[in-house]
Each structure stands twice: as C-alpha cells, then as structure tokens.
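Small disclaimer: the values here were computed from a predicted structure and weren't measured. In listed order, ligands and their atoms are each counted from 1.
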Amino acid sequence: MKRVAILISGGGSNMVRLAEDMIGDHPARPVLVLSNRPDAGGLSKAKKMGIATAVVDHRDFKGDREGFEKALISAIDPYEPDILALAGFMRILTPVFVGHYQGRMLNIHPSILPKYRGLHTHARALEAGDSEAGCSVHEVTAELDDGPILGQARVEIEPNDTADTLASRVLVQEHKLYPMVLRRFAIGDKTPILLP
Ligand code: GRF
C-alpha cells in the first residue's frame, strides 16, 4: 500500500478528492496533510477525515527558504511517504527539496502546460483570447511547473467567462483528473491521462 503525503496551502478541495478516492482496492492511502498556512481550511477537512495533519509556517522562516524546506522534510519524512501530492500548495520549492522527493512528487497546475506556468493562469488565457483552458498534473522537477505531464483536462472558454467562472469550471476537472492520475502513478503507470 503506497503512502501519500498531501501538501496544501488553502481550502484543500483537491486534497479532499484525493483522500476520498484512496479507499477500498485503491493502491494508496493518505498518511499526512501538511500546510504552510496554519489557517488553511483544508486542515480541518483532513482532521475530519481522520488524516494526520502538520503545519510548517513559512512565515517562521522569513527569507530562509532552505530552513523552511528542512523543516518541511522533518515534518514529512516520519510519515514515510512513497508519494508527495502538491494540491494547491503555493510555495516555490528549491532543487534541494525537489531532489529529496525526486520521481515521487506530483503537482496540479490550473493550465494546459506548457502554457501559463506560474500564477494567474485563467486571467492570462482570457487575456490571450484562448478558446480553451484547463489543468495539468505533472511530476515536479526543479523547473517551476515543468515536469513530465501525467494528465490534462480541457474546458472550453465561454464568451462571458471571467477568471473566476473559468477557475470554478477548471476546478471541477481538477477534481476528476488528479485522483485518476494518482491512482495510476501509485502502481507505477505514467501513461498520461487526457480528458475529455
Ligand atoms: C486550484 O485551482 C489548483 O489548481 C491550484 O490551487 C487551487 C486551489 O486548490 N494548484 P485547492 O482547492 O486548495 O485544492
């Protein structure tokens, strides 16, 4: 049974879907939900689901990225995760942290990578007049939002879409895609999943 640590910064809706999917004959189970924000809404959701939680507040390490990542690793590794799933985790990770979990760390990003790495992806797609948007699950490598794609889901951009209406439609796809990708990744299957 693969052990999965999920890292969040906010509401944790992706974390909830991942945890809800890891039941029965699923080859993995959630062993930890960690947030860099003590006030992250996802922490109480994880507690309600009976999942161990931890907080490493990045504000305690003002500017000391290395110290923050060392504290992250010290909080995570006692749970002996086989897989790390970043799910709305909003801190940039250095090659040191990425290297420590090389090959076993996933992230979900709200764009059709390689388009729109970084932030404000939906606003940028609207600004560019794109006809579609979506989300990508990828392996995390040292380059931001750049690792091998494990899954993508596309949504049509509609004429009166705003960044918010688009984000909420993409989030529905994230909630479908991420659990599917994690289930495959847990059995070592890296065949990309493309929705629809
Ligand atoms: C989602 O849009 C996801 O794409 C991004 O973080 C946002 C919030 O996710 N990575 P969650 O509700 O905290 O899972």
Side-chain angles (χ1 to χ4, degrees), residues 4-22 28 30-49 51 53-58 72 81 83-93 97-98 101 105-127 130 132-141 143-157 161-183 185 192-195:
V4 179
I6 306 173
L7 273 58
I8 66 170
S9 296
S13 69
N14 277 292
M15 174 277 295
V16 168
R17 296 316 181 289
L18 292 175
E20 284 174 341
D21 192 55
M22 286 188 264
V31 294
L32 173 66
V33 171
L34 180 144
S35 174
N36 64 297
R37 303 293 309 263
D39 57 347
L43 289 168
S44 54
K45 294 172 190 168
K47 284 184 187 131
K48 283 199 192 88
M49 298 173 87
I51 306 168
T53 60
V55 173
V56 178
D57 191 335
H58 64 279
L72 281 179
I83 298 169
L84 250 63
L86 305 182
F89 187 69
M90 301 307 273
R91 303 303 296 171
I92 291 180
L93 298 163
F97 187 89
V98 174
Y101 296 108
M105 183 154 58
L106 308 181
N107 180 45
I108 187 155
H109 178 76
S111 79
I112 303 288
L113 291 172
K115 291 186 88 169
Y116 310 128
R117 292 188 178 92
L119 298 174
H120 313 304
T121 59
H122 303 307
R124 290 155 68 191
L126 289 169
E127 183 65 30
D130 291 358
E132 62 178 20
C135 53
S136 306
V137 178
H138 63 95
E139 280 189 63
V140 176
T141 56
E143 284 300 306
L144 180 69
D145 298 331
D146 187 55
I149 299 290
L150 295 171
Q152 291 194 316
R154 292 165 189 272
V155 304
E156 292 294 306
I157 292 183
D161 258 327
T162 64
D164 287 346
T165 59
L166 190 48
S168 58
R169 265 205 327 281
V170 171
L171 196 58
V172 170
Q173 296 304 314
E174 293 178 27
H175 294 164
K176 263 190 246 163
L177 179 68
Y178 210 171
M180 291 170 74
V181 170
L182 179 60
R183 186 182 279 255
F185 191 78
I193 296 175
L194 303 175
L195 304 175

Against heavy atoms of [X], which atoms of ligand 1 measure under 4.0 Å?
X	answer
Pro110	4 (O)
Ser13	11 (P), 12 (O), 13 (O), 14 (O)
Ile108	10 (N)

Students should be able to answer this: which protein heavy-atom is nearest to [atom], and at what distance?
atom	answer
atom 3 (C) of ligand 1	Glu174 OE1, 3.1 Å
atom 13 (O) of ligand 1	Gly12 N, 3.0 Å
atom 9 (O) of ligand 1	Asn14 ND2, 3.6 Å
atom 8 (C) of ligand 1	Gly88 CA, 4.3 Å

statement: Value for CG (Leu150) from CG (Asn107), rounded to nearest 0.5 Å, stands at 11.0 Å
- line: Rounded to the nearest 0.5 angstrom, the OH-CD1 distance for Tyr178 and Ile6 is 8.0 Å
- request: Run the contact test for Gly11 against ligand 1 with a 4.0 Å cut-off on heavy atoms, strictly below, and give the result.
  value: yes
- prompt: Arg124 side chain to Arg117 main-chain N or O, any donor-acceptor pair under 3.5 Å?
  reply: yes
- request: Please answer whether the main-chain N or O of Pro110 pairs with a side-chain N or O of Thr121 as donor and acceptor at a distance below 3.5 Å.
  value: yes
message: Counting only heavy atoms from other residues, nucleotides and ligands, does the tally under 6.0 Å from CD of Glu127 exceed 12?
response: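 Open: at most 12 neighbouring heavy atoms sit under 6.0 Å from CD of Glu127.
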message: Regarding Ser13 and His175, do their side chains bring together a donor and an acceptor under 3.5 Å, going by distance alone?
response: yes
- request: Indicate yes or no: does an N/O atom of His109 lie under 3.5 Å from an N/O atom of ligand 1?
  value: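 The answer is no, given that His109 and ligand 1 share no N or O pair closer than 3.5 Å.
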Polar proximity ligand 1 side, Met15 side, N/O cut 3.5 Å exclusive: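 No; the residue has no nitrogen or oxygen that sits under 3.5 Å from a nitrogen or oxygen of the ligand.
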message: So, applying side-chain contact (heavy atoms from CB on, under 4.5 Å) with Leu182, which one of Val137, Ile108, Ile83 is it?
response: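 Exactly one option meets the side-chain contact (heavy atoms from CB on, under 4.5 Å) with Leu182, and it is Ile83.
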